[in-house]
Amino acid sequence: GPDLSLDALAAAAGVSKPVIYDTFGGRAGLADAVAVVLAQQVEEAVLTRVGGGDDVELDDILHAIIAVLVELIDTDTALYAFVVRTLRSDERRFLDNALVRVLHERATMLLQMFAPGADETDIHLLVDGVYGFVWAAVESWQEERPVDRDHLVQLLSTVIRAGLRAATAR
């Protein structure tokens with residue numbers, strides 16, 4: 001969880017705290033290592049959801065990405081909180097996190113498929129904005145859970161799909 005000390009983490013792992021520092025460079029490095037694993041899990045889960053056929057629609061891919069991200073945030077709350085709180089307490093920007101970088105790369109590829117002629121700067125800004133929108137919406141939803149998770153995913157997918165289409169239509 002987010003409040004786990006490096007001493008407690010090292011003890012649970014059966015190593016000394018200096019080993020954690022030598023291996024990961026501290027809490028931020030450990031959060032990055034966890035984020036890389038989470039990014040791989042997200043990517044694998046999205047691929048599993050959409051399958052590998054030729055008839056996969058971009059809308060299905062977008063819905064799968066959002067569903068997997070919401071599920072990750074909702075089911076692995078302690079791990080998510082550890083990564084996010086470490087980011088927020090670190091000197092780096094949120095978008096410098098390994099999880100966000102990997103997902104950003106994949107989302108950029110997807111958006112380029114949505115709008116093949118779109119300006120690269122616009123795509124970069126839109127992808128960053130979508131991340132902020134999804135994370136803020138999920139954190140807000142977690143507070144009171146006014147709707148079920150499937151409804152949240154559908155709502156986010158619909159807004160993002162419509163917004164990306166409108167923004168890249170010019």
Show the numbers, then the answer: is there a side-chain contact (heavy atoms from CB on, under 4.5 Å) between Gln142 and Thr77? CA-CA 10 Å; Gln142 284 180 313; Thr77 54; 3.7 Å; yes
When you look at Leu69 and Val138, which way does the side-chain contact (heavy atoms from CB on, under 4.5 Å) test go after all the steps? CA-CA 9 Å; Leu69 284 174; Val138 173; over 6 Å; no
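Of the possible polar contacts, none joining the Trp141 side chain to the Pro146 backbone as a donor-acceptor pair under 3.5 Å is found. The backbone N or O of Leu79 sits nowhere less than 3.5 Å from a side-chain atom of Asp76 that would complete a donor-acceptor pair.
Proximity of Leu164 to Val130: side-chain heavy atoms (C-beta onward) are separated by under 4.5 Å at one or more points. No side-chain heavy atom of His124 sits under 4.5 Å from any side-chain heavy atom of Thr108. Contact check for Val147 versus Leu155: no side-chain heavy atoms found under the 4.5 Å cut-off. Two residues are said to be in side-chain contact when any heavy atoms from C-beta on lie closer than 4.5 Å; Thr48 and Glu43 fail this criterion. Considering only heavy atoms from C-beta on, Val134 comes within 4.5 Å of Ile160 through its side chain. Side-chain atoms of Leu6 and Leu30, non-hydrogen and from C-beta on, do get closer than 4.5 Å to each other. Contact annotation: the side chain of Met109 never approaches that of Ile123 to less than 4.5 Å [non-hydrogen atoms, C-beta and beyond].
Val19 is connected to Tyr21 through a chain of hydrophobic side-chain contacts under 4.5 Å among Ile, Leu, Val, Met, Phe, Trp and Tyr, so both are in one cluster.
Under a 4.0 Å N-O distance rule, the pair Glu71/Arg49 qualifies as a salt bridge.
Taking CG from Asp119 and CG from Leu126, the interatomic distance works out to 10.0 Å, rounded to the nearest 0.5 Å. How far CD1 of Ile66 is from CZ of Phe133: 8.0 Å, rounded to the nearest 0.5 Å. The CG atom of Leu156 sits 13.0 Å away from atom CD1 of Ile65, with the distance rounded to the nearest 0.5 Å. To the nearest 0.5 Å, the span separating CZ on Arg27 from OG on Ser5 amounts to 7.5 Å.
A side chain to side chain contact (heavy atoms under 4.5 Å, CB included) with Gln154 holds for exactly one of Asp150, Thr158, Leu152; it is Thr158.
Minimum heavy-atom separation, Ala64 to Val46: O-CG2, 3.9 Å. Taking all atoms of both residues into account, the shortest heavy-atom contact from Ser157 to Leu62 is O-CD2, 4.0 Å.
Applying the salt bridge (charged side-chain N to carboxylate O under 4.0 Å, His left out) rule to pairs touching residues 6-17 yields Asp7-Lys17, sequence neighbours excluded.
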